[in-house]
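Worth knowing before you read on, the calculation uses all heavy atoms, side chains too, and leaves out hydrogens, waters and symmetry mates. Chain identifiers are assigned alphabetically (A, B, ...) following the order of the sequence lines, protein sequences preceding nucleic acid strands; residue numbering begins at 1 within each chain.
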Amino acid sequence: MKTLRLLMHNKVGFAGFLGVLFFLFLAFVAPLFIPLDTETRVDQIYQLPSAEHILGTDFQGRDIFSLIVHGGRDVMVVAFLTGLISTTIAVILGSLSALLGGWVDSLIMAVTDVWLAIPQLPLLAVVATMIKLDSVVLTAVVLAALAWPSLTRAIRSQVLSLRQREYVQAAQLLDLGNRHIISSELLPNMMSYIAINLVFAMTGAVYSQVLLVFLGLVTLSNNWGVIINLAWTRGAIFSSMAFMNILAPVLALALFQLSLVSFTRSLEEIFNPRLRTSV
Amino acid sequence: MTQTTARTSGPSVLMRLRAIATSFLARRILKALATIFIVVSLTFGLVRLMPGNPIETYTFELMSQYNMSYQEARDQAAALMDVNLDAPLYQQYFEYLGKLLKGDLGNSYRSKGTSVVSYIKQFLPWTVFSVGTSLLISFTLGVTLGMLMAYRRESWLDHILSTIASLASAIPNYLIAIMLIVVFGVQLKWFNVTKMRGSLSPGMTPGFTWEFFADAFYHAALPITVYVLTTVGTWMLSMKSSTVQTLEEDYVTVARARGLSDGRIMTSYVGRNASLPLFTQLAISIGFVVGGSILIEQMFVYQGIGQQLFKAINARDYAVMQGIFLVITISVVVANLIADLLYGVLDPRIRSGKE
């Protein structure tokens, strides 16, 4: 109950939370009731929104709304998995780096340095041609492999500053072991930081994933990126008829990203009591 | 890190070498060079790990385009590309490194006789021009608006600008590009998308003429708009928080107490100090000028280095890919180096000469 009240306290954050809920519902529950329209109807190409097709029809006469409903799941699963994997790597490596120091720290930092100097987008394009990215999990693993270094650095600097706190120093003096220090002293105090980074890692994953699909480098089945790609290559830049076809997935993606980013404001308040202004 | 100073009164050469090795600047430069070397080696291997090779991709292109038989197409492709891809990999690698040291990036596999250096010289200026201009616009605009927001904190202006800033920075740049094209270009017909493609109109020759500059800006207008829209929010928000912090500093209060005019305080006290941390951010973003352009250039068919990289990836043109990767890597590494050094120069409190 208290969490809910905190959630509603920040208006922007709460709107973001509702947005995320809406998209989760759209992508995971709605498909159970709305069948995917795969039939080509030559006589119903590019129809404007109507009672029958609330978002109109695409270049094959398919119902755009049904495509949107079915196209969100992969995007979200990849985003979540990528965020989860890269954040886990970052938390482990970042805190080890900060706690152990010495050559471990130097090594991990050197690796992140090199990793960050490689241009990410082109690298992604290259990697995508090497591995046939047709599975959700594989795509998430590849995206996470590229995303962890900057996160690791962020977590490391966070741990470095937390390490100076008295309770962490006390735990170190008592020789409670690194595992205990990380899981019982550091993690609980970094939760807001980690949660927010997780959400931002998710938005980053949505960005790169749609980009890969849009460039035609990933061959996931129907998803928002694919709809954009098809609409784009079928001439959305020439034909004003294709307006709804391309705008619907673009808006879905943009609003989803926006909801995620706004949601972080509430997360900040939930995890960080100092930010709460009189609840 | 603790350092034990050498007590031996031996040859001072050793001491001097040590001094160089421990000097902040020398260490940073060495690290930068090492990073570039590692990335160069990694990309060398990486591009060759991609399925297919330049000859093969060209062979298939010829087959599908001119209806040639495999052997015919293969012969023609091999004749065009004067490269020995069968040589042992380490031999190719050392050959590449040797040439690189002399500033020779090799020749493009696809366009015979075109050196990668001339290739980069031809396309890089357009990317630097379009992304550089937008970085300048977005930084100036962001810093100005950010200060305004900090001065008018909690006013309706601040709320509106904050909302716009977070909206703009949350939406991926390619989506904004699509919306621009579809809504304003195709639907409302405010501009002609096809005519604005490319980096110059056909027949336009570069020179110091009004027509040339106008044309260059006309063609870069859409990419610049997208870059500015997607980056200005971040500058606004960081400048706002930085200004809010600075406004609480003692020297600002003192300046007020001394009766200095608000305008003077805003420009020489608050503005100068609040924008300090942003300059290191600016240095880092300069590094991403080249790398960040690949998709936007692809979408607007803007002939910059990003679009060429995408083409080279599809054609498996190893030499061009390596060349462009090198340019991007160097710009990122140098920009980070500058950011590190700026940090010490701009803020004496964290000058990191000796640790």
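When heavy atoms are compared at a cutoff of 4.5 Å, A:I228 approaches chain B solely by way of its side chain, counted from C-beta outward. Only the side chain of A:V261 has a heavy atom closer than 4.5 Å to any heavy atom of chain B. Proximity to chain A is absent for every atom of B:I36, based on heavy atoms less than 4.5 angstrom apart. For A:V206, the part sitting under 4.5 Å from any heavy atom of chain B is the backbone (N, CA, C, O) and nothing else. Residue contact with chain B, scored on non-hydrogen atoms closer than 4.5 Å, involves the side chain of A:L247 exclusively. Proximity to chain A (any heavy atom under 4.5 Å) is restricted, for B:I313, to the side chain, taken from C-beta onward. Heavy-atom distances place both the backbone and the side chain of B:L49 under 4.5 Å from chain A.
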Step by step, would you call A:D113 with B:K31 a side-chain contact (heavy atoms from CB on, under 4.5 Å)? CA-CA 10 Å; A:D113 259 351; B:K31 209 177 111 190; 2.9 Å; yes
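With contacts defined as side-chain heavy-atom distances shorter than 4.5 Å, the pair A:W115/B:V39 does not qualify. Here the side chains of B:L175 and A:L251 are not in contact, with every heavy-atom distance at 4.5 Å or above. Contact annotation: the side chain of A:L116 never approaches that of B:N336 to less than 4.5 Å [non-hydrogen atoms, C-beta and beyond].
Shortest non-hydrogen contact noted between A:Q257 and B:P172 is NE2-CG, 3.7 Å. Scanning both residues, A:L258 and B:S166, for their nearest heavy atoms gives CD1-O, 4.4 Å.
In this structure, A:L253 CG and B:I171 CD1 are separated by 10.5 Å, a value rounded to the nearest 0.5 Å.
Heavy-atom pairs under 4.5 Å with chain A peak, among B:L167, B:I176, B:V47, at B:L167.
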Distance-only criterion, 3.5 Å: show the donor-acceptor pairs between side-chain atoms of residues 322-330 of chain B and protein atoms not counting sequence neighbours.
{"from": "B:Q322", "atom 1": "OE1", "to": "B:R48", "atom 2": "NH1", "distance (Å)": "2.6"}
{"from": "B:T329", "atom 1": "OG1", "to": "B:F325", "atom 2": "O", "distance (Å)": "2.7"}

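In A:F80, the CZ atom is not crowded: 12 or fewer heavy atoms of neighbouring residues, nucleotides or ligands sit closer than 6.0 Å.
Side-chain atoms of B:Y174 come within 3.5 Å of backbone N or O of A:Y207 as a donor-acceptor pair.
Under the rule for a side chain to side chain contact (heavy atoms under 4.5 Å, CB included), the partners of B:F184 that lie at least two apart in sequence or sit in another chain are B:L180, B:L188, B:W190, B:F191.
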